[in-house]
Amino acid sequence: MSHRIFNFSAGPAMLPTEVLEKSAAALLDYQGKGFGIAEVSHRGKEFEAVNDEAIDRCKQLLGIGDSHDVLFLQGGATAFFTLIPLNFLHANADYLVSGEWSKKAAAAAKDLGKVNIVASSEASNFDHSTPAAEWKMSADADYFHVCSNETVHGHRLPTLPKHPNLIVDVSSEFMSRPHPFADCAMLYGGAQKNLGPSGVVLVIVRKDMYPKQKKTASKLWSFKDQAENKSMINTPPTFGVYILLEIFRWLDAQGGLAAMEKKNAAKAALIYDTIDRSNGFYKGTVSVKEQRSHMNLTYRLPSEELTDEFVKSAAKNEMVGLKGYRTVGGIRASIYNAMPVQGCEALAEFMKDFASKKS
Ligand SMILES: Cc1ncc(COP(=O)(O)O)c(C=O)c1O
């Protein structure tokens with residue numbers, strides 16, 4: 001087996017070793033056929049089977065039925081900030097602005113129509129997400145957009161809001177817990193955190209949204225047309241989709257999303273407990289504890305110098321990718337599904353040791 005260290009990068013991020021091994025084998029020789037899965041036509045029977053199984057497994061994992069379509073598209077989650085309003089913003093859309101990513105989504109929509117910001121926590125540097133009781137919802141919104149896990153600021157919505165047309169950016173927590181997605185109008189997320197390599201965006205659309213679509217300049221940008229063509233209007237990112245399929249198989253073998261939620265909560269608790277018991281040496285950046293993310297854990301050390309030393313010393317101990325996002329600073333430990341519990345144990349031990357030497 002190859003040498004693997006603990007990679008806490010926010011994305012592209014660590015993938016399960018087993019998935020990488022299976023994908024590497026399929027890249028070289030798919031099912032003993034003498035060619036790799038990335039070397040065949042997307043219209044051929046090998047890739048069609050991959051695509052169909054990936055769609056079925058995805059639906060099963062998320063607990064969604066015929067009411068929704070599963071699409072494997074391209075352009076990163078950022079492309080969907082624009083495609084969503086391009087398709088669905090008629091009169092007015094509601095946006096919750098809770099961090100870097102939902103702010104970017106709202107800004108993209110503002111270029112295309114009327115946007116109502118139901119709440120923004122920017123004044124406190126997005127150290128939390130405004131509670132639902134304070135949201136100023138509009139009566140007639142075409143849809144309501146939220147980001148369920150703010151990757152940069154390290155907090156999440158503990159539960160999803162109720163709205164007839166809820167659209168959720170789940171990029172940094174897709175398939176990390178069993179959300180009630182069957183109620184949502186749309187979910188989307190770049191694969192590069194929890195689901196596979198960059199280059200694939202997993203999009204789930206409720207079919208009753210199609211009649212509400214505006215005409216787009218290209219079929220490529222229309223969710224309905226993409227669904228009718230099983231995401232194959234043009235060449236899809238075939239190898240990326242293959243890796244997603246291996247991830248879905250792996251998730252099933254782990255016991256599905258309820259089991260992942262438990263594992264992720266236990267992993268996150270190892271780090272948060274270390275922060276909370278450090279006598280203030282480590283300070284979590286999220287002000288509302290119930291909103292602390294189980295995927296991106298953000299905290300600060302007493303000084304910039306100590307933060308730099310922490311990052312460098314962790315790297316020497318085979319823990320990389322810990323530097324916080326440039327606008328937030330401090331440390332960000334991203335512990336997606338593929339991060340083994342041993343990685344969180346190692347980080348927690350390292351943090352305790354570092355604090356005892358430096359405080
Ligand atoms: C929550 C969230 N939304 C959107 C994006 C943008 O994704 P992409 O780089 O695939 O456009 C990111 C990237 O980190 C993210 O974390």
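These numbers come from the heavy atoms of this one structure, side chains and all, not from hydrogens, waters or symmetry mates. The model shown is predicted, which means the values in this text are computed figures rather than measured ones. The residues of the chain are indexed from 1 along the displayed sequence.
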Measure the CD1-CG distance between I233 and L220 for me, rounded to the nearest 0.5 Å.
5.5 Å

Main-chain N/O of H42 paired with T238 side-chain donor or acceptor, under 3.5 Å
no

Separation between CG (L257) and NE2 (H179), nearest 0.5 Å, reads 10.0 Å

Let's go through K33 and D29 carefully: what are the C-alpha distance in whole Å and the side-chain angles of both, what is the deciding distance for salt bridge (charged side-chain N to carboxylate O under 4.0 Å, His left out) to 0.1 Å, and is it a yes or a no?
CA-CA 6 Å; K33 290 173 192 263; D29 185 1; over 6 Å; no

Any side-chain donor-acceptor pair under 3.5 Å between N264 and S176?
no

Taking atom CG as the centre, does N234 end up with more than 12 heavy-atom neighbours from other residues, nucleotides or ligands that are less than 6.0 angstrom away?
yes

How are the rings of F239 and Y242 set to each other: parallel, tilted or perpendicular (split at 30° and 60°)?
parallel

side-chain contact (heavy atoms from CB on, under 4.5 Å) partner of F81, the single match among L83, T78, I84:
T78

Should the pair E309-K358 be classified as a salt bridge under the 4.0 Å nitrogen-to-oxygen rule?
yes

Do F174 and L166 sit in one hydrophobic cluster, given that two such residues count as connected whenever their side-chain heavy atoms are within less than 4.5 Å of each other, even indirectly?
yes

Side-chain donor or acceptor of N7 paired with backbone N/O of S9 under 3.5 Å
yes

Considering the options D56, V241, V70, which one meets the side-chain contact (heavy atoms from CB on, under 4.5 Å) requirement together with N51?
V241

Walk me through it: do R249 and E53 pass the test salt bridge (charged side-chain N to carboxylate O under 4.0 Å, His left out)?
CA-CA 10 Å; R249 289 174 177 162; E53 186 183 336; 2.9 Å; yes

Basic-acidic side-chain contact under 4.0 Å: D69, K224
no

Looking only at atom types and distance, does a side-chain atom of S313 sit under 3.5 Å from a main-chain N or O of F310, one as donor and one as acceptor?
no

Working for salt bridge (charged side-chain N to carboxylate O under 4.0 Å, His left out), residues R292 and D276
CA-CA 12 Å; R292 282 171 156 184; D276 293 342; 2.9 Å; yes

Let me check something: do L61 and V205 share a hydrophobic cluster, defined by ILVMFWY side-chain heavy atoms less than 4.5 Å apart, either directly or through other members?
no

Taking everything shown except K312 itself, do over 12 heavy atoms lie less than 6.0 Å from its NZ?
no

Please say yes or no: joined through hydrophobic side-chain contacts below 4.5 Å, possibly via intermediate residues, are V97 and V115 part of one cluster?
yes

Check whether I271 and M14 end up in the same hydrophobic cluster, where Ile, Leu, Val, Met, Phe, Trp and Tyr are linked by side-chain heavy atoms less than 4.5 Å apart.
yes

Can you spot which of L86, I167, L73 makes a side-chain contact (heavy atoms from CB on, under 4.5 Å) with F80?
L73

Check: S231 side chain, F72 main-chain N or O, donor-acceptor pair, under 3.5 Å:
yes

Any salt bridge linking K352 with E349? Criterion: basic side-chain nitrogen under 4.0 Å from a carboxylate oxygen.
yes

Verify, without hydrogens or angle tests, whether Y143 (side chain) and P164 (backbone) share a donor-acceptor contact under 3.5 angstrom.
no

Under a plain distance cut-off of 3.5 Å, with no hydrogens placed, do H3 and E318 share a side-chain donor-acceptor pair?
yes

Are Y336 and M339 joined in one hydrophobic group, where the rule is that I, L, V, M, F, W and Y side chains link up if heavy atoms are under 4.5 Å apart?
no

Would you say CG of L28 has more than 12 non-hydrogen atoms from neighbouring residues, nucleotides or ligands within 6.0 angstrom?
no

Let me see the working for H294 and E261 under side-chain hydrogen bond (donor to acceptor under 3.5 Å, both in side chains), right down to the final yes or no.
CA-CA 9 Å; H294 288 191; E261 181 176 39; over 6 Å; no

is_close_aromatic(Y95, H145), centroid dist under 6.0 Å
yes

Would you call D142 and K214 a salt bridge, using N to O less than 4.0 angstrom?
no

Just by distance, no angles: are the side chains of S293 and R156 close enough, under 3.5 Å, to form a donor-acceptor pair?
no

For N194, is there any backbone N or O sitting under 3.5 Å from a side-chain donor or acceptor partner on N337?
no

Show, in sequence, the C-alpha distance, side-chain angles and deciding distance for K103 and E100, and conclude whether the salt bridge (charged side-chain N to carboxylate O under 4.0 Å, His left out) test is met.
CA-CA 5 Å; K103 186 181 164 187; E100 183 85 10; over 6 Å; no

R43 and E48: side chain to side chain contact (heavy atoms under 4.5 Å, CB included), yes or no, with the steps?
CA-CA 6 Å; R43 314 252 177 234; E48 234 188 309; over 6 Å; no

Greater than 12 external heavy atoms within 6.0 Å of D140's CG:
yes

Does the ring centre of W135 sit less than 6.0 Å away from the ring centre of F144?
yes

